[in-house]
Amino acid sequence: MAPNAIQVNGVRKSFKATQVLKGIDFEVRRGEIFALLGSNGAGKTTTINILSTLLKPDGGNASVCGYDVTRQPEKVRESISLTGQFAAVDGILTGRENLMLIANLRGVPNARKTADTLLSRFGLRDAANRRAASYSGGMTRRLDIAMSLVGTPSVIFLDEPTTGLDPEGRLEVWKTVKALADGGTTILLTTQYLDEAEQLADRIAILHGGKIIASGTLDELKKLFPPAKVEYIEKQPSLEDIFLAIVGQKEAK
Amino acid sequence: MKVLHDTVVLLGRSMRHILRSPDTIITVLITPIMIMLLFVYVLGGAIQTGDRNYVNYLLPGILLIAIASGIAYTALRLFNDVQQGLFSRFHSMPVSRSSVLWAHVLTSLVSNAISVVVIILIALIMGFRSSASVVEWLEVAGILVLFTLALTWLAVIAGLKAKSVEGASAFSYPLIFLPFISSAFVPTAKMPTVVRVFAENQPVTAIVNTVRSLLNSQPVGNQIWVALAWCVGITVVAFFFSMLAYRRIP
Ligand SMILES: Nc1ncnc2c1ncn2[C@@H]1O[C@H](COP(=O)(O)OP(=O)(O)O)[C@@H](O)[C@H]1O
Ligand SMILES: [Mg+2]
């Protein structure tokens, strides 16, 4: 078994003239929640798409569960599941049918039972027979995540899972993510929200200007924060301070 | 095996889409049926085709119009799946990529077959009669399937490349119009030279003539080969460009 659930070495990707990823490195350990933090356009979705075999990198290596994403994409797809930046549910099908569709495609033995278990777990039992198009934003996202759990993949990618949700929906998703990680699933999530990374992640990588400019646990990142700041009130730097400080340093160079 | 299983599962899904929005079937059917009523009951009396039964003369062209409007929805369904991220979802799963596309192609064949059957039933009520044998009917079915397949692969290109909903379906308008400049409604003989040259050398005329001959148990001559060549030719070229377009879909 590979030591890390995800291993990324020197991955590069350009779209025509724009170089989006200029050689990024990070690894995600089994069972941890890893947050890829970056502002809009930083290349988070591009990274996720490469790891979930949707895009081919221009250079570098990436592997998921020990399988190379370019050479063994089928193996990778069997181990992962992707919840994209925008919920991908079939609006014409009901919630239950959406889940059963994925279960059938993944060859899960009892599709109906799997669907019903997930519907209950995500508080969608009452809406099970309604078309997904009639769901609220939060419900759609929950169904979307539930669909990603069909067949219990060992690595889950969540691309900005809470963007566009109200605070309540956001808390729901956080709870779900934590519960998943407690069950042993490895989670790579992307976010623009520093507090989200702070709340959820075991380790964090900051993607900026096509590079991972910092990574580690929250405590490790806090150590990168420039010291000697005289204040009257003792204050722990928030991730936001660290982020802005690092980004500022890089840009000053 | 897995490819077949996935294709069947995904075909079931898009057939459900069609059954749940019967308005799409009605929209597809309404125009060709209106045209058929208009030509048979209003204009038909003034048209000399050499065929005593004008419905018999008209039906093949009407079927092609129905198919040309039907495939606009094929493009639309593909466009929506790409836009809503469902293609990406399937592509990141252990599902064969070709299943995802072929499910749409098969859905197009099935839904167009339904339209064709409904229109033939209505034509029967309006007085359509055929002396075709079972074999001739099978040949008609075969040609219509090939025509649908050719237009479906065009629709795949449109659905995958479109930037907007309108764009996804607009490509079908000229196709719907083609039968009007063919032998579908009137014989080409009396058309002005330029129009006649176009009409006699575009795919619809050969296909219409072939289907009409088969339905009337008349010899098809070399028209059937011209019709087949068009269908296969369009299919091959459109398939090639569809594959290019599909490769760019994440
Ligand atoms: N298919 C594409 N073609 C061209 N440019 C793209 C494509 N996908 C993303 N980009 C560009 O790459 C950059 C990173 O995009 P993305 O990975 O979506 O960022 P993020 O998810 O962090 O917001 C953006 O500038 C975006 O415009
Ligand atoms: Mg993104």
Side-chain angles (χ1 to χ4, degrees), chain A residues 13 15 45-46 48-56 64 67 69 72-94 97-108 111 131-133 140-141 143-145 147-148 150-151 153 155-159, chain B residues 1-25 27 73-74 76-104 106-107 111 159-160 165 244-250:
Chain A
K13 181 76 191 174
F15 294 106
T45 300
T46 305
I48 293 260
N49 283 350
I50 288 172
L51 293 175
S52 53
T53 77
L54 294 177
L55 273 182
K56 293 224 180 317
V64 178
Y67 301 115
V69 293
Q72 301 158 289
E74 291 86 12
K75 287 285 184 194
V76 172
R77 285 178 208 135
E78 280 168 18
S79 329
I80 63 156
S81 128
L82 167 67
T83 308
Q85 185 165 355
F86 304 99
V89 308
D90 185 329
I92 298 174
L93 300 186
T94 66
E97 286 168 342
N98 266 291
L99 289 162
M100 287 179 65
L101 172 69
I102 303 296
N104 286 329
L105 288 173
R106 282 198 181 269
V108 172
R131 288 191 193 188
T140 307
R141 201 44 156 171
L143 175 61
D144 193 36
I145 295 177
M147 284 162 75
S148 295
V150 172
V155 175
I156 292 189
F157 299 108
L158 295 166
D159 195 3
Chain B
M1 207 40 231
K2 172 83 171 117
V3 177
L4 202 66
H5 171 264
D6 293 345
T7 309
V8 171
V9 171
L10 290 169
L11 172 65
R13 162 184 173 257
S14 33
M15 285 313 296
R16 219 170 247 178
H17 282 201
I18 292 178
L19 296 178
R20 294 220 175 136
S21 38
D23 52 307
T24 60
I25 293 190
T27 315
Y73 283 93
T74 302
L76 207 58
R77 282 189 292 268
L78 265 141
F79 177 79
N80 284 336
D81 271 10
V82 174
Q83 292 304 307
Q84 291 167 3
L86 285 162
F87 267 39
S88 295
R89 166 154 241 146
F90 297 144
H91 291 161
S92 71
M93 286 170 55
V95 171
S96 85
R97 272 179 82 93
S98 47
S99 298
V100 179
L101 200 54
W102 273 97
H104 278 278
L106 294 177
T107 304
S111 63
L160 294 178
V165 178
L244 280 189
Y246 192 42
R247 222 186 294 157
R248 299 176 142 271
I249 303 290

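Chain letters run A, B, ... following the sequence lines, proteins first, then strands; residues in each count from 1.
The candidate with the highest count of non-hydrogen atom pairs below 4.5 Å against chain B, out of A:Thr53, A:Leu93, A:Asn49, A:Leu55, is A:Leu93. Between chain B and the residues A:Asp90, A:Val76, A:Ile80, the largest count of heavy-atom pairs under 4.5 Å involves A:Asp90. Listed options B:Gln84, B:His91, B:Gln83, B:His17 were ranked by heavy-atom pairs under 4.5 angstrom with chain A; first place goes to B:His17.
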Applying side chain to side chain contact (heavy atoms under 4.5 Å, CB included) to B:Met93 and A:Leu105, what does each step give before you reach the verdict? CA-CA 8 Å; B:Met93 286 170 55; A:Leu105 288 173; 3.7 Å; yes
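The side-chain contact (heavy atoms from CB on, under 4.5 Å) test applied to A:Phe86 returns no partner, not counting sequence neighbours.
In this structure, chain A has a heavy atom under 4.5 Å from the side chain of B:Phe90, while its backbone stays farther away. The contact between A:Ser148 and chain B is made by backbone and side chain atoms together, counting heavy-atom distances below 4.5 Å. Proximity to chain B (any heavy atom under 4.5 Å) is shown, for A:Asp144, by both the backbone and the side chain. Heavy atoms closer than 4.5 Å to chain A are found in both the backbone and the side chain of B:Arg20.
Listed by sequence position, B:Pro94, B:Val95 are the residues of residues 94-102 of chain B in contact with chain A, using a 4.5 angstrom heavy-atom cutoff. When the heavy atoms of residues 8-15 of chain B are compared with those of chain A, the residues falling under 4.5 Å are B:Val9, B:Leu10, B:Arg13, listed by number.
No side-chain N or O of B:Arg89 forms a donor-acceptor pair with one of A:Ser81 less than 3.5 Å apart.
Closest of all the heavy-atom pairs between A:Asn104 and B:His5 is O-CE1, 3.0 Å. Nearest approach of B:Ser92 to A:Leu82, heavy atoms of both residues: OG-CB, 3.6 Å.
Rounding to the nearest 0.5 Å places CE of A:Met147 at 6.5 Å from CG of B:Leu86.
Contacts classified as salt bridge (charged side-chain N to carboxylate O under 4.0 Å, His left out) and involving residues 73-85 of chain A (residues at least two apart or in different chains) are not found.
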